[in-house]
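Counting starts at 1 for both ligands and their atoms, following the listed order. Just so you know, residue 1 is the first one in the sequence shown, and it goes up from there.
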Amino acid sequence: MTDLPLTVRHETPADAAAIEKLHERAFGPGRYAKTAYRLREGVAPIASLSFVALVGTLVVGSIRLTPITIGQTPALLLGPLAVEQAFSLIGIGMSLIQRAVETAKAEGHQLILLVGDEPYYSRAGFVVMPKGRAEMPGPVDAQRVLVLELVPDALANVAGPVASLRLNAA
Ligand SMILES: CC(C)(COP(=O)(O)OP(=O)(O)OC[C@H]1O[C@@H](n2cnc3c(N)ncnc32)[C@H](O)[C@@H]1OP(=O)(O)O)[C@@H](O)C(=O)NCCC(=O)NCCS
């Protein structure tokens with residue numbers, strides 16, 4: 001499709017407009033009504049865990065992670081993840097997930113939660129959240145609430161409502 005090399009780097013403030021347009025194309029206006037969006041509303045993505053994929057200078061993919069709590073336990077919410085349709089199915093989405101997961105692990109985070117397709121995210125090790133362990137703040141298909149343990153048994157005693165963690169709240 002292209003001979004230009006793919007690069008993955010941290011998101012910068014200058015990428016915001018391109019990412020917003022990518023989200024608009026990938027998810028449409030319905031994105032604001034999703035339960036996962038509620039958890040992200042008003043919460044800044046964690047800069048060290050937000051990456052863009054570029055082909056040349058063109059932003060073709062984006063991943064963001066935000067801080068949440070599950071009960072009393074701090075965790076990360078993965079999303080949105082979006083890849084420009086013209087550049088889909090060439091591994092960009094998985095590269096972004098892997099980069100974010102590796103970085104989160106290196107930073108000492110324990111758990112990543114997301115709402116998405118298990119057949120896709122299971123490729124990166126995500127599993128369906130065990131029943132009754134995470135109470136989402138809105139309607140969601142329980143089979144789409146997925147979790148990844150970054151350290152063994154991180155999920156062992158975790159249960160409760162999922163809430164956003166406003167680290168920078170005034
Ligand atoms: C879902 C998305 C991020 C995938 O990104 P991508 O760069 O195209 O995916 P990758 O190249 O990493 O992976 C492609 C592989 O995953 C599979 N795949 C892609 N989306 C899938 C899905 N929703 N369910 C199951 N498998 C999926 C492809 O069939 C392909 O399989 P193959 O390797 O056997 O050929 C991208 O299609 C997208 O942005 N979609 C619209 C927004 C969206 O739905 N985001 C995810 C929110 S949960």
statement: For V115, the ligand 1 atoms with a heavy-atom partner under 4.0 Å come out as 48 (S)

task: Could you walk me through whether L165 and I68 pass side-chain contact (heavy atoms from CB on, under 4.5 Å), step by step?
output: CA-CA 5 Å; L165 184 61; I68 55 167; 5.5 Å; no

field: side-chain contact (heavy atoms from CB on, under 4.5 Å) between L65 and H109, worked out
entry: CA-CA 12 Å; L65 274 73; H109 294 280; over 6 Å; no

- request: Looking only at distances, please establish whether an N/O atom of ligand 1 is found under 3.5 Å from an N/O atom of L89.
  value: yes

field: R123, portion touching ligand 1 at heavy-atom distance under 4.0 Å
entry: side chain

Over 12 non-hydrogen atoms of neighbours within 6.0 angstrom of CG in N157: no

field: Salt-bridge contact R64-E20 (side-chain N to carboxylate O under 4.0 Å)
entry: no

message: Within ligand 1, which atoms have a heavy atom of I90 less than 4.0 Å away?
response: 11 (O)

Sub-4.0 Å atoms of ligand 1 with respect to non-hydrogen atoms of G116: 48 (S)

message: Any donor-acceptor pair under 3.5 Å linking the side-chain atoms of Q110 with those of T73?
response: no

statement: The closest protein heavy-atom partner of atom 36 (C) of ligand 1 is V83 CB, 4.2 Å

task: Report yes or no: does D117 contribute a side-chain atom to a donor-acceptor pair with the main-chain N or O of P119 at less than 3.5 Å?
output: no

message: Is there a polar contact, in the sense of an N or O pair closer than 3.5 Å, between Y121 and ligand 1?
response: no

message: Minimum distance, heavy atoms only, to atom 12 (O) of ligand 1: which one of M94, H23, R31 is it?
response: M94

message: Can you name the atoms of ligand 1, numbered from 1 with element, that are less than 4.0 Å from a heavy atom of S88?
response: 8 (O)

message: Using modelled atom types and a 3.5 Å cut-off, is there a donor and acceptor pairing between side-chain atoms of R133 and backbone atoms of L155?
response: yes

- prompt: How close does the nearest protein non-hydrogen atom get to atom 13 (O) of ligand 1, and which residue and atom is it?
  reply: Y120 CE1, 3.4 Å

Residue and atom name of the nearest protein heavy atom (relative to atom 45 (N) of ligand 1), distance in Å to one decimal: L81 O, 2.9 Å

- line: The closest protein heavy-atom partner of atom 11 (O) of ligand 1 is G91 N, 2.6 Å

query: Which heavy-atom pair separates V8 from S95 by the least distance, and what is that distance?
result: CG2-CB, 4.5 Å

field: Within reach of ligand 1, part of F87 (heavy-atom separation under 4.0 Å)
entry: neither

- prompt: With a cut-off of 4.0 Å, which atoms of ligand 1 are near a heavy atom of G93?
  reply: 5 (O), 6 (P), 7 (O), 12 (O)

statement: ligand 1 to A82, heavy atom cutoff 4.0 Å, flagged ligand atoms 39 (O)

message: Looking at R99 and F51, would you say the former's side chain and the latter's main chain have a donor-acceptor pair under 3.5 Å?
response: no

- prompt: Is there a donor-acceptor pair under 3.5 Å between the side chain of T35 and the backbone N or O of P137?
  reply: no

field: Protein heavy atom under 4.0 Å of atom 5 (O) of ligand 1
entry: yes

field: atom 32 (P) of ligand 1: any protein heavy atom closer than 4.0 Å
entry: yes

query: Which protein non-hydrogen atom lies closest to atom 42 (C) of ligand 1, naming both residue and atom, and how far is it?
result: F27 CE2, 3.4 Å

query: Against heavy atoms of D117, which atoms of ligand 1 measure under 4.0 Å?
result: 22 (C), 23 (N), 24 (N)

- request: Go through the steps to decide whether R38 and V162 satisfy the test side-chain contact (heavy atoms from CB on, under 4.5 Å), and finish with yes or no.
  value: CA-CA 11 Å; R38 281 190 214 172; V162 179; over 6 Å; no

Any donor-acceptor pair under 3.5 Å from R123 side chain to M94 backbone: no

- prompt: Quick one: CD on E107 to CD on E102, what's the gap to the nearest 0.5 Å?
  reply: 12.5 Å

- prompt: Given the protein's heavy atoms, is any one of them under 4.0 Å from atom 2 (C) of ligand 1?
  reply: no

query: Going by the order shown, which atoms of ligand 1 are within less than 4.0 Å of some heavy atom of P119?
result: 25 (C)

